[in-house]
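The chain is numbered in sequence order, starting from 1. It should be emphasised that the depicted structure is a prediction, and the values quoted were computed from it without experimental measurement.
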Amino acid sequence: MTSGTIIYEKFHFRHDPKWSGRLGPAEGGGLQLCVACVIDMTDSEEVSVRSKNPQVDLMKSSEILCFTFSVVPVGNVASGLVEVELSQSNCRPKPRIPSWLDWLFSVRKSFALSGISGVMKCSPGALRELLGQDHSVSVRFILSLLGMLHTVEDPAALEKVDQVLVQLLLELQNEASFHVVLDEIHKQLSDQLSVKTLLPTFNFLGSLVEAAPNVAYNLITQYVPLLEHLCSSLLHPDEALKASVLYVWIKLFEAAGASAAQPVPSVVRDRVCILLLQTLTNADSLQLINNCVGLLWLLVQLEEPVSVLMNSPGSKVLFDENQSSHANNSLVLIQNQEQQSPDHPLPLILKKLLLSGDETLQVTSAKCIASILVHSPSQYCAPFIRADVSEFLFDRLAGSKSEILMWSVYTCLVLLTEDPLFFAQCHSVYGIESLVRSLNEALRLTNQAVQKQGLLLLTVILERQPPSVRLFPSGPAFVAVSETVKAGVSSSCLPVATQAASAASALFRLNHQSQPVQYRELEGVVEAIASRFSELPLPAPVHWRSTGSLKRPDTSSQTLRSDGFLLQALVCFQAACRLAEECASDPVLKENTFTAPCKRSRAQDSLESLCQCLLHCCDSIWIPTVTRLCERAASAPILQYFYSILSSQFSLLPSLMPAFANKLASSGFYRLALEHKGLLCAGNRNPSLNASCCGFLQKLSVCLLFQSSPAPGSYQRDVEEVENLLLHNLPSLCYRVSDWPSLLCDSPGLQLCEYKGPRSTQYCLVLMLHLALQQGDRLLPDQAVFSSLLWLLRSLREEGSCAMPRSVLRSALFLLAVTQDRSPSLDDAPLNYISKALSSCQSFPSLYIHHPALLHFICRYPQLAEKFGPSVVELWLTQQAQHIDAQQNTGKEKNRGSHVDKRQDEESDMETVEIVTLMEKYPAVIVILLDIVCTREAPLAERALGVLEALLHGQRDYEPDVCAKLRRALLQAVQRISVENTGRGLGQRHTEDAVNSLPLVLKLLCVMQASDPPLSSSYSKMDGMHFKLLYHVSIIAGSLKPTSTKSLLLAFNYLYCCLSTSPAHCTDRAVPMLLSNSGLMDQLQTVLSSSSSSSSSSAPSACPPSALLCCSHLLLSSLITLQRVHSAQVHKSICWSLGTAVQQLFVQKRNTDNLLLVSYLRLLQALLDVDLDSAVVCVSTDAGLVGSRLLGVEDGALYPLGSRDAQFLSAALSGLLIQKNELLLRASVNCLGSLLAFLQRKSPTTAKFVVCQPWSRFLVFCLLSSGDGSLLHPAFLRLVTLLLQHSSTAVLCEPDLLQVMEAVERRGVKELGREAAEALRLLLTQIQNGVPQPPPTEEHRQRARTIMESLGPQTPAESCSPSLPSNVLCVGDVFICLSDFTLI
């Protein structure tokens, strides 16, 4: 051979040139090859087998050394040449050892084969063309290479022969060549060659089957005897040989499984299974074990081999007690089990592999178990469970961090859990702790498939665990699994989180709860699931009602994953609700009896806390999420669980359900549920969703009905009616809401039973329309509802039956009332239908709903108002009064903030405004209210009185018709009371009603009199209605018992207001009438005498009420003044102690109510104005006033006052002027003015002395020091004017008057009220007239003149800040006419 050639020159000269050629790329020159030379070299004994004569070997080898040869490496022919040169020396060659010759021969053949391999790689098809010239040459070449498998000893050379032979067969692509090889191998096996000879053959056969799958087909179809020899080879004791044979079988089954054209014959396959079990049982070498496990993995994927493997009797498998050198000492137990349970050896074998230290074997063993179980879990699980494979699998989980091992074990255990024996033998209890630890480790890894499979195993165990055996008997174990589930839910992979949510659903079963129940952990799982909702790809929020129809579902993978998580989360949430209901029904679980004492006070670890968490998540997370999802595409499974969850809330926290139900109904959930029923449940579709929707609507309706029920007694019956109607009719009510009008107007047809049939369906629609509309959700237009209800009532009337269920009739009445405003007014026929229907109910209050529309609807039509108006108004007031009482009680108990009270007051005010508006619109309601005031008991009568007061107070634009009707009604009431009061023996019951209603009627008269503007036409003359009212009230007042202080107070109030608010010329008839009423005068005398006697005896208990005494003083002051005006005749005078009054003002003023002081001052003012000489009041004096000595000139002129007591009175008035009370300040100034005028008339010297006393100067100084507000007050300006008029030295021009003018200039006259401006005008007039002493300077006069000019154009209409905005002021229980306290 020369460089670049593979030619054996010793034989080449006799070869035909057709077997030679230059092969390879043209640009590189290629390789000169002679196929005949290669064949001769492989066949030549001198290069292949050593001769028996060593000398011949040496001589032949010397010839070999005469050539230089080169071969191309297998990897690349063109990459270069590896040149080995051997030169012959001059001396004779020395004999060499045979091992060197073997190596030399092997190297030369290897180089030649490497060249052939390189040629076939770089020039595909070239060698096939050369060999294709003569098939016998190809066969000879193949057989030569097969022969080398038995002659070559060097492993590398054998590998090269194997490689070249496979390449050659693939190059030739000739079926005949494959048959030659298979025939030769079969011949060799039949000749029973040695192990050394067969081992390379099996290795080659395996490589050939792997490289040429059609060889496997030929083996299976045409060489079954060869397969039998392969099976027999597994009985050979040599493990290397068996490993090689198993390798052939692996490649054979792989090829057969890949092609699926022709399986291995069943007889051969079954024999292989039996021999495999025997071989695997007795295998020692790792290579053999690996090949056995590899073949086993292929076999267990086929159903028939699995049956053979699992059903093979143990007697066919030979066990070796000294096997498994790589297993630990625990295998002794397994071997004992093998000997005791030989029926199923495969589970024990696989369990033995699980105990090996090789992780690959453990993984393959787990995968084989899983593959076996997949075929028939019911058939194959039991043998593995009885062999305790489950426990070994759990043990592998405990300490493994291998992802593939964990996944394989998880899969096996999931399959094993399908057999109840798994749980019966408590394998789940044994392995739950290991599983939780393994899951915690898996969740820290990145392989999401492992995480999902582990959570699936946990889910299956939790779902299938028998309730009688608890997995978590203690709290820490439950806490651990809860933390694992929460970690799974928090996974970034949504499928993993979905599987974790499924595990949470199973965890929320009652039999999995520890003692005590870990409510906080359950709450944490719920919150963890709910927190994932913000990450879901949901559509933007759009109001559901605007969708109108279902959209096409989004089938993107992300959307499907999010929908799957949402569905599983809803299942979990429903399980949590169910668990809460079960715990609530068990007192032990509800109270958590076994909770440690230190934890019982923790409110967050309680059932109530869990229920509140569920409600909060439902309200803030689940409802928005599901409704937004339904806008994209409504899913029946999701909605089924959603409505079931909503239904559960009504039983978890009943106290919060009214507010929750109101929120649901006002948010459109009636429409939502009904539309879902119509869209998804029509035609008997989705029965589970239909049932969930019906359950939700029924509970929602009952809860709302409870809030609108008029009385607790009728609630139970109404609930039963509604529940029966909804229960029997909701399932079949699968229509769109827009179709309801036609349903309401359909002919009823046959009524199957009381609660089922077309008519009952109509009743069901009416109920839901009412409950939804009551919360602001108008399911149908008002016109459609109104007309449909009228048709329904007419239909009932035409059938001759008005008997509608009470709850339905109440709903119909409410709907008619609310929808009336947008519908035409009713004529007689519909009103007759409505009246008949309402009259059919024995108890009208049971039909009442507290809503303004019902009030207006009944009172709108006289036909209805006549029958039902009084009941409706009374019920309105009753409900309002109960509502106020409940709010007050709630406020006292809870002691909440002021904003709650403010809201309650606003609600009460709105209800009052509503009925006031009703009275203004329908005056007949006034008569109803007044009848309630006169005939009903408190607090209803008081509430009616309050409404009438609100009507009178709210009369901005005076409406004489309203007040005239009210006044006429009041006159009738007063007349009736007067008659009943005078004839008490005739009807005791009526008399009691009259006595009870008298204070209310009198108070209403006072309010009406106070609200009646003084310029109204009713004041043109005191006759007609006013006079009659005044007369009857005076008669009643005179006939009352002295102990009826409340009625006396109100009667005196009314008489006083009538006299004081009426012009003087209009009281000419009233005053004589009152003065001639001896009973009235006696009542006044009794009150005043009681006051005087109690004051002298210091017995406060005998004193009449302060308010009554005030009214008596005020009424007397008016009578004194008007009697003088009209010179009316007095039939009976009243005695009054002047000393008591002076003592009260001077000594006891600090202990006397301000209002009582005001009344004393007003009475004193009236008496001083008439010089203490009045036919109405006979003023008596005390020894303290004038003394026991003879009266002097001054005392006689002032009698019965006396000069000393005049000074006391002046000093007392000065002290009262410092007070901040507005009425007291005004009354004091007016009284002081009357006192000074009285003194000036009777004794000018005393008057001068009084105004010049030091306390007058002190009083002015104190008031001047109080700031501009006091300086410009009308009372102060009036006081200064009075002092100047009486030449008092207490007021100085400078600085007192100058300070006043500066205050006016700073503030501006435009900011002064009417009274202040008039008082200032009088003061400035005094300054200009030079009254002050010393006289003012010209500058002062000029400043006063300037201010007067600015006051000149001002009119009362321009006043911006009137001091007294109202005509009558109510202070406590006393009405005060402000006209009596004007300062000008």
**Student:** Looking only at the side chains, is there a donor atom on one of Ser823 and Gln783 sitting less than 3.5 Å from an acceptor on the other?
**Tutor:**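 No, no side-chain donor-acceptor contact under 3.5 Å.
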**Student:** Ignoring hydrogens, what is the shortest heavy-atom contact between Pro658 and Pro654? Give both atom names and the distance.
**Tutor:** CD-O, 3.5 Å
**Student:** State the CG-CG distance between Leu826 and Leu790, to the nearest 0.5 angstrom.
**Tutor:** 6.0 Å
**Student:** Are the side chains of Leu1040 and Leu998 in contact, using a 4.5 Å heavy-atom criterion?
**Tutor:** yes
**Student:** Under 4.5 Å between any side-chain heavy atoms of Asp931 and Pro870, yes or no?
**Tutor:** no
**Student:** Residues in side chain to side chain contact (heavy atoms under 4.5 Å, CB included) with Glu949, at least two apart?
**Tutor:** Leu945, His953, Lys1003, Val1007
**Student:** Look at the side chain of Asn724 and the backbone N and O of Glu720, then say whether any donor-acceptor pair between them is shorter than 3.5 Å.
**Tutor:**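 It does hold such a pair.
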**Student:** Return the set of residues passing side-chain hydrogen bond (donor to acceptor under 3.5 Å, both in side chains) with Ser651 (not counting sequence neighbours), or none when no residue passes.
**Tutor:**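 With sequence neighbours excluded, Ser651 shows a side-chain hydrogen bond (donor to acceptor under 3.5 Å, both in side chains) to Glu581, given in chain and number order.
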**Student:** By side-chain hydrogen bond (donor to acceptor under 3.5 Å, both in side chains), which residues pair with Thr819, not counting sequence neighbours?
**Tutor:**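 Thr819 satisfies side-chain hydrogen bond (donor to acceptor under 3.5 Å, both in side chains) with no other residue.
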**Student:** Look up atom CG in Asn1154 and atom CG in Asn1221, then write down how far apart they are to the nearest 0.5 Å.
**Tutor:** 4.5 Å
**Student:** State which residues pass side chain to side chain contact (heavy atoms under 4.5 Å, CB included) with Ser811; sequence neighbours excluded, sorted by chain then number.
**Tutor:**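 Residues passing side chain to side chain contact (heavy atoms under 4.5 Å, CB included) with Ser811: Val766, Leu767, His770.
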**Student:** For His851, enumerate each residue passing the ring pair (Phe, Tyr, Trp, His ring centres under 6.0 Å) test, keeping only those at least two apart in sequence or located in another chain.
**Tutor:**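 His851 satisfies ring pair (Phe, Tyr, Trp, His ring centres under 6.0 Å) with Phe814 only.
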**Student:** Got a second to check how far Gln649's CD is from Leu653's CG, nearest 0.5 Å?
**Tutor:**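 Answer rounded to 0.5 Å: 7.5 Å.
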**Student:** Show, in sequence, the C-alpha distance, side-chain angles and deciding distance for Leu1005 and Leu1002, and conclude whether the side chain to side chain contact (heavy atoms under 4.5 Å, CB included) test is met.
**Tutor:** CA-CA 5 Å; Leu1005 282 170; Leu1002 292 175; 4.3 Å; yes
**Student:** CG/Leu674 to CG/Leu733 distance, rounded to the nearest 0.5 angstrom?
**Tutor:** 6.5 Å
**Student:** Mind listing the closest non-hydrogen atom pair of Ala1037 and Leu1048 along with its distance?
**Tutor:** O-CD2, 3.6 Å
**Student:** Among residues at least two apart in sequence or on other chains, which ones pass side-chain hydrogen bond (donor to acceptor under 3.5 Å, both in side chains) with Tyr861?
**Tutor:** Gln820
**Student:** Run Ser825 and Arg860 through side chain to side chain donor-acceptor pair (under 3.5 Å) and show every step you take.
**Tutor:** CA-CA 10 Å; Ser825 297; Arg860 178 176 183 173; 2.8 Å; yes
**Student:** Could you list all the side-chain hydrogen bond (donor to acceptor under 3.5 Å, both in side chains) pairs where at least one residue sits in residues 695-706, not counting sequence neighbours?
**Tutor:** Tyr670-Ser701
**Student:** Could you tell me the separation between the CD1 atom of Ile858 and the CG atom of Leu864, rounded to the nearest 0.5 Å?
**Tutor:**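 With rounding to 0.5 Å, CD1 (Ile858) is 5.0 Å from CG (Leu864).
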**Student:** Test of understanding: with salt bridge (Lys or Arg N to Asp or Glu O under 4.0 Å), list the residues that count as partners of Glu874, not counting sequence neighbours.
**Tutor:**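 Glu874: salt bridge (Lys or Arg N to Asp or Glu O under 4.0 Å) contacts with Arg936.
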**Student:** Given side chain to side chain contact (heavy atoms under 4.5 Å, CB included), test Leu664 with Phe660 step by step and report yes or no.
**Tutor:** CA-CA 6 Å; Leu664 289 175; Phe660 184 64; 3.4 Å; yes
**Student:** Should Val785 and Leu773 count as side-chain neighbours, where that means a heavy-atom distance under 4.5 Å?
**Tutor:**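 Heavy-atom side-chain distance check fails, nothing below 4.5 Å.
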**Student:** Can you establish whether the number of heavy atoms outside Asp827 located under 6.0 Å from its atom CG is more than 12?
**Tutor:** yes
**Student:** Hey, are the side chains of Leu656 and Phe650 touching, using non-hydrogen atoms and a 4.5 Å cut-off?
**Tutor:**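 Result no, sub-4.5 Å side-chain heavy-atom pair not found.
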**Student:** With no hydrogens and no angle check, just 3.5 Å: does a side-chain donor-acceptor pair link Glu911 and His850?
**Tutor:** yes
**Student:** List the steps and the verdict of side chain to side chain contact (heavy atoms under 4.5 Å, CB included) for Gln1009 and Val1368.
**Tutor:** CA-CA 9 Å; Gln1009 189 65 29; Val1368 178; over 6 Å; no
**Student:** What residues form a side chain to side chain contact (heavy atoms under 4.5 Å, CB included) with Cys1110, not counting sequence neighbours?
**Tutor:** Ser1106, Leu1155, Leu1156, Ser1159, Val1374
**Student:** Looking only at side-chain N and O atoms, does Thr878 offer a donor or acceptor that is under 3.5 Å from a partner on Arg943?
**Tutor:** no
**Student:** Which residues pass the side chain to side chain contact (heavy atoms under 4.5 Å, CB included) test with Lys867, not counting sequence neighbours?
**Tutor:**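 Scan of Lys867 (side chain to side chain contact (heavy atoms under 4.5 Å, CB included), adjacent residues dropped) gives Ser835, Ser839.
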**Student:** To check you understand the geometry: which heavy-atom pair defines the closest contact between Leu780 and Val737, and what is its length?
**Tutor:**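 Nearest heavy atoms, Leu780 then Val737: CD2-O, 3.3 Å.
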**Student:** Could you list the residues that satisfy ring pair (Phe, Tyr, Trp, His ring centres under 6.0 Å) with Phe868, not counting sequence neighbours?
**Tutor:**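 Ring pair (Phe, Tyr, Trp, His ring centres under 6.0 Å) list for Phe868, sorted by chain: Phe844.
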**Student:** Does Leu1030 reach the side chain of Tyr1054, with side-chain heavy atoms less than 4.5 Å apart?
**Tutor:**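 A side-chain contact exists here, since the closest heavy-atom pair is under 4.5 Å.
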**Student:** Which pairs, with at least one residue in residues 649-666 and sequence neighbours excluded, count as a salt bridge (charged side-chain N to carboxylate O under 4.0 Å, His left out)?
**Tutor:**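 Every pair satisfying salt bridge (charged side-chain N to carboxylate O under 4.0 Å, His left out) with a residue in residues 649-666: Asp619-Lys663.
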